[in-house]
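Protein chains get the first letters and strands the later ones, always in sequence-line order, with residue 1 at the start of each.
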Amino acid sequence: MAAMTRGWLVKSEPGAYSYDDLERDGRTMWDGVRNYQARNFMRDEMRVGEPVLFYHSNVGEPAVVGVARVASEAYADPTQFDPDDPHFDPKSRPDTPRWTLVDLEPLARLARPVTLAELRDDPTLEGLLLTRRGNRLSVMPVEPEHLRRVIELGGLDPEAL
DNA sequence: GCCAACGTTGGC
DNA sequence: GCCAACGTTGGC
């Protein structure tokens, strides 16, 4: 991957959707995001092909476990229109959808997970949004140098991706 | 299960 | 526009 490639990080509870699930599915809609800042990143800034760190949250050892890639432009999240879906939004209308998503595809599983503790401790990763106090975003941008560093810590060669 | 931090909602 | 109440996130 090019030196100045910008990236992203998404959080997922592996019990709900894990990197294994993404590999099994081959591609998925990153649905259910109901935070405006996270939505805006997907809607306005994500570009097809950009790498996405896949982070497992709310588990014994929270960690980045793999790298996905953005696989589509943004489009309306269909779950907002489904009354039976937990992410149903009665205030959203099909002609003016409130929530958008992108598709993700698996790119590479890390050789070893990079734990939250490692992310916090690595001086190179100072300023990473994920570890900023109080941050609760489920979709966030990652600086090029941080992206490369996490991939290296995960035992992969960023050049090879 | 606890709780700190933060976003959203809605009354005023 | 303020702000209290409430819900959610997510580490621990």
Side-chain angles (χ1 to χ4, degrees), chain A residues 6-25 28-46 50-70 74-143 145-147 149-155:
Chain A
R6 169 267 299 269
W8 301 93
L9 183 146
V10 297
K11 295 180 190 171
S12 187
E13 301 192 12
Y17 198 84
S18 67
Y19 192 75
D20 283 342
D21 294 326
L22 182 61
E23 286 197 329
R24 179 201 63 211
D25 294 343
T28 197
M29 295 188 293
W30 203 246
D31 60 19
V33 173
R34 295 293 181 268
N35 170 282
Y36 287 104
Q37 233 184 315
R39 176 205 67 180
N40 292 348
F41 286 135
M42 290 197 287
R43 188 190 62 189
D44 305 332
E45 297 195 43
M46 278 190 172
E50 287 179 337
V52 182
L53 300 174
F54 199 102
Y55 176 83
H56 282 173
S57 66
N58 223 353
V59 279
E61 186 84 279
V64 176
V65 297
V67 187
R69 67 185 284 280
V70 178
Y75 60 100
D77 180 344
T79 64
Q80 70 196 302
F81 306 124
D82 178 358
D84 297 325
D85 192 282
H87 299 292
F88 176 60
D89 183 348
K91 292 186 218 159
S92 185
R93 301 169 39 78
D95 52 339
T96 55
R98 177 178 301 202
W99 305 109
T100 52
L101 56 69
V102 297
D103 289 353
L104 295 183
E105 287 173 351
L107 186 59
R109 177 187 299 273
L110 295 182
R112 50 192 162 74
V114 182
T115 66
L116 178 58
E118 288 178 87
L119 295 171
R120 284 215 174 97
D121 289 347
D122 191 302
T124 311
L125 294 176
E126 175 139 17
L128 191 70
L129 273 180
L130 177 76
T131 48
R132 201 167 286 179
R133 188 177 145 277
N135 172 52
R136 279 175 27 199
L137 278 175
S138 62
V139 177
M140 68 194 87
V142 178
E143 299 296 318
E145 61 271 27
H146 292 161
L147 176 70
R149 182 61 178 155
V150 173
I151 291 169
E152 283 169 9
L153 288 172

(message) Output the rounded distance in Å from CD (A:Glu61) to P (C:dG10).
(response) 17 Å

(message) Show me the pairs that pass side-chain hydrogen bond (donor to acceptor under 3.5 Å, both in side chains) and involve residues 125-136 of chain A, at least two apart or across chains.
(response) none

(message) So, does A:Lys11 get its side chain near the phosphate of C:dT9, meaning an N or O under 4.0 Å from OP1 or OP2?
(response) no

(request) Please determine, for the side chain of A:Leu116, which listed nucleotide (B:dG10, B:dG7, C:dC12) has the closest atom? (result) C:dC12

(request) Figure out the CG/P separation between A:Asn35 and B:dG7, and round it to whole Å. (result) 8 Å

(request) Using atom CG of A:Leu129 as one end and atom C1' of C:dT9 as the other, report the distance to the nearest whole Å. (result) 16 Å

(message) For A:Tyr36 and A:Trp99, I'd like to know if the aromatic rings sit close, meaning centre-to-centre distance below 6.0 Å.
(response) yes

(message) Nearest to the side chain of A:Ser57, heavy atoms from C-beta on, is which of B:dT8, C:dC12, C:dG10?
(response) C:dG10

(message) Over all strands shown, is A:Arg120 touching base, sugar-phosphate only, or nothing at heavy-atom distances under 4.0 angstrom?
(response) sugar-phosphate

(message) How many whole angstroms separate atom CG of A:Leu130 from atom C1' of C:dG11?
(response) 11 Å

(request) Indicate whether the side chain of A:Ser18 and that of A:Asp20 have a donor and an acceptor atom separated by less than 3.5 Å. (result) no

(message) Using the salt bridge (Lys or Arg N to Asp or Glu O under 4.0 Å) criterion, which residues pair with A:Arg93? Sequence neighbours excluded.
(response) A:Asp95

(request) Determine, stepwise, if the pair A:Thr79 / A:Asp77 fulfils side chain to side chain donor-acceptor pair (under 3.5 Å). (result) CA-CA 6 Å; A:Thr79 64; A:Asp77 180 344; 2.7 Å; yes

(request) Specify the separation, in whole Å, of atom CZ of A:Arg34 and atom C1' of C:dT8. (result) 14 Å

What nitrogen or oxygen pairs link the protein and nucleotides 1-5 of chain B at under 3.5 Å?
unit_1	atom_1	unit_2	atom_2	d
B:dA5	OP1	A:Arg133	NH2	3.4
B:dA5	N3	A:Arg136	NH1	3.4

(request) Send over the distance from A:Gln37 CD to C:dT9 P, rounded to a whole Å. (result) 15 Å

(message) At 10 degrees resolution, what angle do the end axes of the helix from B:dG1-C:dC12 to B:dC12-C:dG1 form when each is taken over five base pairs?
(response) 10°

(message) Here's a test for you: under side chain to side chain contact (heavy atoms under 4.5 Å, CB included), which of A:Val67, A:Val64, A:Leu107, A:Leu22 qualifies with A:Phe54?
(response) A:Leu22

(request) Please list, chain by chain and in numerical order, all residues satisfying ring pair (Phe, Tyr, Trp, His ring centres under 6.0 Å) with A:Phe81, sequence neighbours excluded. (result) none

(message) My understanding is that only residues two or more places apart in sequence, or in another chain, count here; which of them pass ring pair (Phe, Tyr, Trp, His ring centres under 6.0 Å) with A:Phe88?
(response) none

(request) Check the pair A:Leu137 / A:Phe41 against side-chain contact (heavy atoms from CB on, under 4.5 Å), numbers first and verdict last. (result) CA-CA 11 Å; A:Leu137 278 175; A:Phe41 286 135; 3.9 Å; yes

(message) If the cut-off is 4.0 Å, is A:Tyr55 near the phosphate of C:dG11, judged by side-chain N/O to OP1 or OP2?
(response) yes

(request) Can you tell me the distance, in whole Å, between the CZ atom of A:Arg132 and the C1' atom of C:dG11? (result) 18 Å

(message) Between C1' on B:dC6 and CG on A:Leu137, what's the gap in Å once rounded to a whole number?
(response) 10 Å

